[in-house]
Structure formats: structure tokens, C-alpha cells
Protein chains: 2
Amino acid sequence: MSLRHALLALLAEQPHTGYDIGRRMHETVGLFWTAQHSQVYPELAKLVGDGLAGFESSAGPGPKKKKTYTITAAGRAALRDWLSEPAGRRVPRDELVLKAFASWVGDKQLMAEHYRAAAEQSQRQLATYERILAGIGGEEALADSQRPEFGWYLSLQRGITAQRALRDWCEMVAAQLDRAATKD
Amino acid sequence: MSLRHALLALLAEQPHTGYDIGRRMHETVGLFWTAQHSQVYPELAKLVGDGLAGFESSAGPGPKKKKTYTITAAGRAALRDWLSEPAGRRVPRDELVLKAFASWVGDKQLMAEHYRAAAEQSQRQLATYERILAGIGGEEALADSQRPEFGWYLSLQRGITAQRALRDWCEMVAAQLDRAATKD
DNA sequence: TGTTGCATGTAAGGGGTTACATGATTGA
DNA sequence: TCAATCATGTAACCCCTTACATGCAACA
């Protein structure tokens with residue numbers, strides 16, 4: 001139910017092609033939502049069917065025409081309505097936590113390495129987010145709450161603080177698993 | 001693919017009924033994985049089919065017999081194998097972040113209230129985790145890495161630090177939205 | 001010549017949620 | 001008497017991932 005709102009949010013900023021949306025979701029802000037292009041294309045078609053988006057066709061590089069989608073007034077209104085409702089909380093499903101929960105059964109040495117690797121990956125992701133944040137001007141992005149940068153700042157902050165917490169936890173787990181491995 | 005390992009992890013601790021597993025997942029450690037009973041029952045049956053679990057029937061309160069599932073040696077081995085593989089990272093899908101991203105379009109005052117409410121809910125969840133942690137003896141749980149409490153400690157720490165980060169971020173967002181609302 | 005990027009779609013299958021269905025015991 | 005708790009299962013549907021399918025342009 002939220003993918004359509006993610007699309008509307010991106011279209012509210014500026015017109016996009018389906019390909020563009022899929023790419024942006026994966027490259028830059030995989031922090032708030034992601035979708036495969038196979039999911040994006042049908043959903044964009046539905047948005048048009050519901051009058052929430054429109055598109056313009058132009059010559060594409062492949063056999064199919066390139067479609068550039070734009071949000072409509074109705075789309076903007078739908079987005080505002082959705083923003084007025086409280087967000088639905090869904091339970092987290094994280095394999096890292098699940099494996100930590102079961103770690104008393106497993107090989108401590110081996111698992112410690114995995115958590116150290118996870119901490120490093122988290123660190124890299126963190127660096128990416130910080131680079132993007134610097135790119136939009138850091139705290140200056142908060143100056144005008146009517147501009148997209150305001151939203152970027154808030155969601156990037158979430159990505160940064162969440163990755164920091166994840167990285168620190170992974171390092172703690174790795175340390176505890178190491179300690180347990182050497183004690184045996 | 002991970003639900004079966006979540007079930008194995010719970011069965012490794014002690015025998016459970018399907019109902020029991022569903023309840024525990026929702027009440028206590030909804031922090032690492034959750035599942036509806038409609039998903040748990042068929043998966044337990046599959047585990048038995050694969051020789052990873054066994055069960056004993058006894059008289060139940062309803063029309064059906066009560067089944068108490070136990071992990072087998074093969075189940076324990078499968079769990080250990082799975083723990084030796086690195087965890088698959090999946091992208092987070094969080095409506096709170098998505099709405100923050102789009103907040104420049106929405107009603108700031110209204111949204112600020114939602115984020116404050118989310119912060120409070122997060123605070124309550126945090127308190128629950130801390131209570132459970134105290135129940136298993138806090139850091140003493142780390143003493144023996146061969147006992148389930150070791151895993152409980154690690155995963156509860158994840159829940160606690162993640163909820164703290166979420167709560168703080170929600171409060172920051174609420175404050176920024178408030179500031180934006182009064183400036184208009 | 002082979003790979004990457006741009007660009008759009010369909011199909012199959014897995015995982016998960018919600019709803020349907022049954023029924024005894026205990027406590028308010 | 002009504003609701004909650006224990007207890008097990010099935011069915012329909014939605015969301016998402018992976019794979020299939022096409023094809024031009026630019027670059028190495």
C-alpha cells in the first residue's frame with residue numbers, strides 16, 4: 001500500500017521515468033524504501049489510471065517509448081491525505097538479530113567474523129549517507145520546510161543514526177563472540 | 001526462508017506448541033522476528049516432514065489435539081549451518097522515514113503530533129525490552145555463551161539501542177516540524 | 001567485440017497478512 | 001452470559017523478488 005506513496009513522494013519533487021525511480025531508490029536513498037523496476041512500472045500505470053499521475057511519451061533508446069511521469073493535483077492531494085494519517089508500524093525482520101538470538105548454538109569464531117563484516121558494511125553505508133547530506137548542504141536544508149531538501153535532511157538523519165546504532169551493535173556482538181570463542 | 005530458522009532457534013531452547021511460538025513472538029521478542037499462527041502451523045509441519053523437528057500429541061482444549069514440537073539432532077545441525085552463513089541484508093521499509101521524506105508536502109502541525117506519538121510508543125517498547133533484560137539478569141547473561149540467555153542478551157541489546165535511536169530521531173523530527181509550523 | 005547504461009514491460013513463485021472455521025475452559 | 005485464553009488449521013489475497021524478454025548507444 002505504501003509503494004504508491006513512495007512513488008508520489010518522488011514525483012512530487014520532479015518528473016521521473018520508471019527506470020529513473022528504480023535507480024534512485026537503489027543508489028541513493030535505499031534508506032527509506034526500495035522497489036524493483038518490475039514493481040515500479042505496473043504501479044506507475046495504476047497511478048495514471050487513478051488520475052494521480054500523468055505521463056508524456058518520447059522516443060526511447062530501446063524498442064519501447066520513454067515515459068516521463070508527472071504528479072497531478074489529485075496526486076498531490078492524495079499524498080497530503082496519506083501524510084496526515086499516522087504511520088503504520090511493522091515489526092522488523094532482521095536476520096542479524098535472529099542469528100544473534102540463536103548464537104549460543106553456533107560457532108562463535110565464525111559468527112564474530114560475520115558481525116565484524118556487517119559492521120564494516122554499515123560503516124560504508126553511513127559514509128554514503130553523510131556524503132549525500134553534505135551534498136544537500138547539511139543543516140541548511142532545514143531552512144525552508146516547503147522544499148524537498150527538508151525531507152531529505154530528515155530521512156538522511158534517520159539513515160545515519162540508524163546505521164550508527166547498527167554498526168556499534170555489530171561491533172559489540174563481534175567482541176562478545178570473540179571473547180566467548182577464546183574462553184573455550 | 002528465515003521463518004524456519006526462527007522456529008528452529010525457538011525450539012532449540014525448549015519444546016513449544018505452535019500457539020506458544022506465535023504468542024512469544026508477538027508478546028516478548030517481536031524485536032527480531034514475528035509470524036502469524038497461520039504461517040507457523042504449516043511451517044512446523046514442514047519441519048517435521050524434513051526431519052528437523054518432531055512432535056508429541058496430547059489432549060487439547062479444542063477439537064484438535066495439542067502438538068508439542070521438539071527439535072531433532074538434524075534440526076540443530078541445520079541451525080548451526082545457517083548460523084555459519086553471513087546474514088542477508090534486506091533494505092528497510094519504514095513508513096515513518098517515507099513520510100518524513102515527503103513531509104515538505106504535508107501539514108507540519110499534524111505530522112509533528114504523529115512523530116511525538118511515535119516517540120512515545122518507542123519509549124514504551126524500550127521500557128519493555130529493559131524489563132525483559134533485567135529479568136534475564138542483565139550482563140550476567142553473557143557469562144555462559146552456551147546458554148540461551150547469551151542470545152537473549154545480544155538481541156535485546158539490539159532492540160534497546162535501535163528503539164533509543166528511533167525515539168530520539170522521532171523527537172528531532174517532531175521538533176523540526178513544530179518549528180516549521182510556527183514559522184509559517 | 002563485449003559490457004555497461006538507458007529504457008520498458010511480463011510471468012512465476014515465495015512470503016506474509018487477514019479472514020474464515022471450530023470448540024472447550026475459566027473468569028468477570 | 002459474554003469475553004478472553006488456549007489450541008489448530010485452511011483460503012484468499014497482496015506485496016515483493018527473481019527471472020525472462022527486447023534493443024539501441026556509448027565506451028573499453
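For the numbers below, each heavy atom of this structure counts, side chains included, while hydrogens, waters and symmetry mates do not. Chain letters run A, B, ... following the sequence lines, proteins first, then strands; residues in each count from 1.
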Notebook entry, point to check: Would you call B:Arg89-A:Asp94 a salt bridge at under 4.0 Å N-O?
Noted result: yes
Check: A:Phe32 vs B:Phe101 aromatic rings, parallel, tilted or perpendicular, using cut-offs 30° and 60°?
Finding: parallel
Notebook entry, point to check: Considering only side-chain heavy atoms of A:Leu3, which listed nucleotide, C:dG16, D:dC16, D:dG9, is closest?
Noted result: D:dC16
Check: Out of C:dG15, C:dT18, C:dT8, which nucleotide sits closest to the side chain of B:Gln36?
Finding: C:dT18
Next item on the list: Could you tell me the separation between the NZ atom of B:Lys46 and the C1' atom of D:dT8, rounded to a whole number of Å?
Entry: 17 Å
Margin query: Looking only at side-chain N and O atoms, does B:Gln176 offer a donor or acceptor that is under 3.5 Å from a partner on B:Arg179?
Written below: yes
Notebook entry, point to check: Taking the side chain of A:Lys67 as heavy atoms from C-beta outward, which of C:dG9, D:dG9, D:dC6 is closest to it?
Noted result: C:dG9
Check: What is the distance from CZ of B:Arg24 to P of D:dT5, rounded to the nearest Å?
Finding: 18 Å
Note to self: Does a side-chain N or O of A:Lys64 approach OP1 or OP2 of C:dA7 to a distance below 4.0 Å, or not?
What the structure shows: no
Check: Given atom CG of B:Leu44 and atom C1' of D:dT10, what is their separation to the nearest angstrom?
Finding: 16 Å
Next item on the list: Output the single nucleotide from D:dC6, C:dG16, C:dA7 whose closest atom is nearest the side chain of B:Gln39.
Entry: C:dG16
Next item on the list: Describe, in one word, how the ring planes of B:Trp169 and B:Tyr115 are oriented to each other, choosing from parallel (under 30°), tilted (30 to 60°) and perpendicular (over 60°).
Entry: perpendicular
Check: Please give, in whole Å, the distance from C:dG14 P to B:Arg90 CZ?
Finding: 16 Å
Checklist line | A:Glu56 CD: over 12 foreign heavy atoms closer than 6.0 Å | finding: no
Notebook entry, point to check: Between the side chains of A:Gln125 and A:Tyr129, is a donor N or O closer than 3.5 angstrom to an acceptor N or O?
Noted result: yes
Checklist line | Among C:dG9, D:dA7, C:dT17, the one nearest A:Arg93 by side-chain distance | finding: C:dT17
Item checked: Nearest-angstrom distance from the residue atom CZ of B:Arg23 to C1' of D:dT8 -> 15 Å
Next item on the list: Measure from the side-chain heavy atoms of B:Tyr19 and tell me the nearest of D:dT8, D:dA19, C:dA7.
Entry: D:dT8
Check: Can you find an N or O donor on one side and an acceptor on the other, under 3.5 Å apart, linking the side chain of B:Ser38 with the base of C:dT18?
Finding: yes
Notebook entry, point to check: Between B:Thr161 and A:Asp168, is any pair of side-chain heavy atoms under 4.5 Å apart?
Noted result: no
Next item on the list: Please report how far the helix from C:dT1-D:dA28 to C:dA28-D:dT1 bends, comparing the axis fitted to its first five pairs with the axis fitted to its last five, to the nearest 10 degrees.
Entry: 30°
Note to self: Tell me the interatomic distance from A:His37, atom NE2, to C:dG5, atom P, rounded to whole angstroms.
What the structure shows: 15 Å
Next item on the list: Return the value, rounded to whole Å, for the distance between atom CE of B:Met25 and atom P of C:dT17.
Entry: 11 Å
Notebook entry, point to check: Which of these nucleotides, D:dG9, C:dA7, D:dT17, is closest to any side-chain atom of A:Pro61?
Noted result: C:dA7
Next item on the list: Would you mind reading off the distance between A:Tyr41 atom OH and D:dC20 atom C1', rounded to a whole angstrom?
Entry: 15 Å
